[in-house]
Undergrad: 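The structure that follows is given in the form of structure tokens.
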2 protein chains.
Amino acid sequence: MTSIKDIAKKAGVSISTVSYALNGSERIMKETAERILAIADELGYVPHGAARRLKKRESMLVGIYLTNYGGHFYGSLLQGVKDELNRRGYDLIVCSGMRSHRLIPERTFDGTIVLDSEFTDEELLDYAERGHKLVVLDRELAHPHINQVLLDNKAGASLAMEHLLEQGYERIYVVGGPEDAYDARQRLRAVRQVMDRSPGTEFRMIPGSFQKKSGYAAGKTIADEYDRPSGVFCLNDEMAIGLYEYLEEHTSLQVGEHVHLIGFDNIEPGRYMRPKLATIDYSLTKWGAVAAEQLLKLIDGEPLEPERVYVRLVEGGSVRPLPDKKQEQPN
Amino acid sequence: MTSIKDIAKKAGVSISTVSYALNGSERIMKETAERILAIADELGYVPHGAARRLKKRESMLVGIYLTNYGGHFYGSLLQGVKDELNRRGYDLIVCSGMRSHRLIPERTFDGTIVLDSEFTDEELLDYAERGHKLVVLDRELAHPHINQVLLDNKAGASLAMEHLLEQGYERIYVVGGPEDAYDARQRLRAVRQVMDRSPGTEFRMIPGSFQKKSGYAAGKTIADEYDRPSGVFCLNDEMAIGLYEYLEEHTSLQVGEHVHLIGFDNIEPGRYMRPKLATIDYSLTKWGAVAAEQLLKLIDGEPLEPERVYVRLVEGGSVRPLPDKKQEQPN
DNA sequence: AATCGTATTCGAAACGTTTCGATAAAACGC
DNA sequence: GCGTTTTATCGAAACGTTTCGAATACGATT
């Protein structure tokens, strides 16, 4: 491979001169610089990343960790992060899995975004303690090197519950999420608050894991004890889709008719469901962009202002008013 | 940050001894090694990635480039690649966008998998010429440092077309893909072959871009000239879903009744469409695993056997026989 | 006691950059 | 034509590792 030395030899100058020329320093004469650039080009020179990173102690690389690559979740989030980073000269690197955690303490990135429950809080605090800059999207963590950009889970869950309540069902099911997941806990807390102030309605909790199959299982539970139209709030869309699938495959219950279903996340497949899945939407792209922005501030040592990402209700045919209630309360 | 030097000082040995100890060399005494390891641990030592890569001239990192992070396409592919790589001690790094192409000639990875039309053939050949090892998933490229793992696009497209033909429609639309995309060209070639040997049927080509919106536009074309039940083969599912959406939103034409739709890729949202989207399936996970395996062989300098990934038809309610034809040809 | 072999440790060079401080050469003021 | 400043280039050290060849120590062999 051609290195800076080869260029120096061919141009008859020292390697430091080449380095300055390559980096566009003012110190060296314009003509010399041009000659060097030309030779570098001719030789197809590209600097050795590791060497440069070792010396400069920065990589212009940002890592992002996700629990898994699957799901419909991540595409636009990543896009948001990447666009913002590129604008500032950084590149994004996507990682998944415990194995690759090592890249962080090995100082591969200048900073890291985490949306990955495989990290423990301790682990992240340890990296921060070593000086690594982090933005976390799935937990709250107090450390000068960590910032968080959190979704307004509580507002979203309240929105969803209230939407169901407005339709007038007598029973509402809530399909939960993993107990250790921050967003699940937040959503659930809001759910409980809404429950507490709505005494007339019967609420039932069904455990869930945020995965499609747990929604599927919840579908069975609900179908088995079905006796009248009910509302169902799945703490994410993935489970709502699983639930829909169960009803479709094994029962004659209609979503939007017998079972009124709302999810959370507004993932794409929900939009193709028929009837369309009601859900809570937030801009993943924006979430990503804000996360990137915060991380760059952290890297530059700028003061950080914690950020929050807002949510909104998206109605869909999967939740419809009870016909009789509609008559009773025409507004 | 704590380096090997700090350990050496604390342990009262030379840095080379520390290095050997850390790497588990036989050369050094067991007790010394243990003492060094303990100190390293106590100091929270993690080797500096860039330094190590510079010296060792290998990174144990594999890059994969995708055109974009979105779509439903990539999740299981990435999973397949990652699992296979991890098994062999490598880590996977996902990249997207021109900007990050630089990571390849900068020698960040030991090898790279490409499924990204933003690379030109020349660019890839240039990297190969520099000694970089590549596996390409979206083109054919002859070079000793490049291997390809190709999908059997032709077989898939034939399967799709024949499935439509068997149902007995008099007209079949084909929604195309980008002209410069290898897979689109392959699929189209097979389509043409099937057309040529099926003279009784009327075929119409509609241009497409592999993106949802072009399917949507094709939906309009088809609806505008609708006069009898027709088959439609969209060269990928994404477009098929767009087409479905158009019909749903703007017409009373029913998929599986008036318009008989088949796609290609078996992406997840197609499975939630109602009626379910008929499509061509292949194991993305396996495709990824094979690609990873081939790349590792390339890195190890093992002889490579070109690989191919097979496809199968997945039937769905979006394609149904014509009722009268069914009577005519009961088998 | 001199030699050898083996086991353990060490010193130094190297990987490919960047960058500080020095040097040499040219331009300036007087 | 002498000091002084400016401009362009260079040498060398450093970043944190790995690894080759050498050095040391020590017991065993003669």
Side-chain angles (χ1 to χ4, degrees), chain A residues 1-37 39-40 43-61 102-110 130-132, chain B residues 1-37 39-40 43-61 102-110 130-132:
Chain A
M1 289 291 89
T2 129
S3 87
I4 217 173
K5 271 186 202 159
D6 305 315
I7 304 177
K9 194 176 296 169
K10 186 145 187 179
V13 299
S14 75
I15 62 163
S16 48
T17 303
V18 175
S19 177
Y20 283 125
L22 255 21
N23 290 293
S25 162
E26 296 290 306
R27 297 174 72 151
I28 68 145
M29 216 168 55
K30 213 171 162 190
E31 299 146 39
T32 324
E34 274 166 15
R35 197 161 49 87
I36 291 174
L37 267 322
I39 292 175
L43 262 40
Y45 170 77
V46 176
H48 190 296
R52 159 170 255 184
R53 288 196 267 276
L54 171 59
K55 188 72 236 245
K56 298 203 69 172
R57 324 186 69 58
E58 70 172 13
S59 62
M60 299 307 280
L61 253 30
R102 66 172 173 99
L103 297 173
I104 298 177
E106 281 180 357
R107 283 154 283 180
T108 312
F109 315 123
D110 293 347
R130 297 171 123 84
H132 201 80
Chain B
M1 287 294 88
T2 130
S3 85
I4 217 173
K5 270 185 201 161
D6 306 315
I7 303 177
K9 193 176 298 168
K10 186 144 187 178
V13 301
S14 74
I15 63 163
S16 48
T17 303
V18 176
S19 177
Y20 284 123
L22 254 21
N23 290 294
S25 161
E26 296 290 305
R27 296 174 73 152
I28 67 148
M29 215 169 56
K30 212 171 163 189
E31 299 146 39
T32 323
E34 274 166 17
R35 197 162 48 88
I36 290 174
L37 267 321
I39 292 175
L43 262 40
Y45 170 78
V46 176
H48 190 297
R52 160 170 253 183
R53 288 196 268 275
L54 171 59
K55 187 73 234 233
K56 297 203 71 171
R57 324 186 69 57
E58 70 170 15
S59 63
M60 300 307 278
L61 252 30
R102 68 174 172 96
L103 296 172
I104 299 177
E106 281 181 357
R107 283 154 282 180
T108 311
F109 314 124
D110 293 347
R130 299 170 122 84
H132 201 80

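The chains referred to below are lettered A, B, ... by the order of the sequence lines, with proteins before strands, and numbering in each begins at 1.
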Undergrad: Test of understanding: with side-chain contact (heavy atoms from CB on, under 4.5 Å), list the residues that count as partners of A/E106, not counting sequence neighbours.
TA: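 If we apply the side-chain contact (heavy atoms from CB on, under 4.5 Å) test to A/E106, skipping adjacent residues, the hits are A/R102, A/L103, A/T108, B/V46, B/R53.
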Undergrad: When rounded to the nearest 0.5 angstrom, what is the spacing between CD1 in A/I39 and NZ in A/K9?
TA: 13.0 Å
Undergrad: Got a second to check how far A/R52's CZ is from A/N23's CG, nearest 0.5 Å?
TA: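 Nearest 0.5 Å value for the CZ-CG distance: 5.5 Å.
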Undergrad: Just how far is it from atom CD1 of B/I7 to atom CD1 of B/I15, taken to the nearest 0.5 Å?
TA: 11.0 Å
Undergrad: State whether the side chain of A/R130 and the backbone N or O of B/G44 hold a donor-acceptor pair below 3.5 Å, judged by distance alone.
TA: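 Yes: the side chain of A/R130 pairs with the backbone of B/G44.
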Undergrad: How does each nucleotide of nucleotides 6-16 of chain C score, in 5' to 3' order, for protein heavy atoms under 4.0 Å: base (B), sugar-phosphate only (S), or none (-)?
TA: --BBBBB-BBB
Undergrad: Taking five pairs at each end, how big is the angle between the two axes of the helix from C/dA1-D/dT30 to C/dC30-D/dG1, to 10°?
TA: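 The end-segment axes of the helix from C/dA1-D/dT30 to C/dC30-D/dG1 are tilted 60° relative to each other.
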Undergrad: Please round to the nearest 0.5 Å and tell me the distance separating atom CG of B/D6 and atom OG1 of B/T2.
TA: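 It is 5.0 Å, given to the nearest 0.5 Å.
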Undergrad: Using atom NZ of A/K9 as one end and atom C1' of D/dC10 as the other, report the distance to the nearest whole Å.
TA: 17 Å
Undergrad: Measuring from atom CG of A/L43 to atom CE of A/M1, what distance do you get when rounded to the nearest 0.5 angstrom?
TA: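 The CE atom of A/M1 is 10.5 Å from CG of A/L43, to the nearest 0.5 Å.
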Undergrad: With a 4.5 Å limit on heavy-atom distance, are the side chains of B/L61 and B/D110 in contact?
TA: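 Of all side-chain heavy-atom pairs linking B/D110 with B/L61, none is under 4.5 Å.
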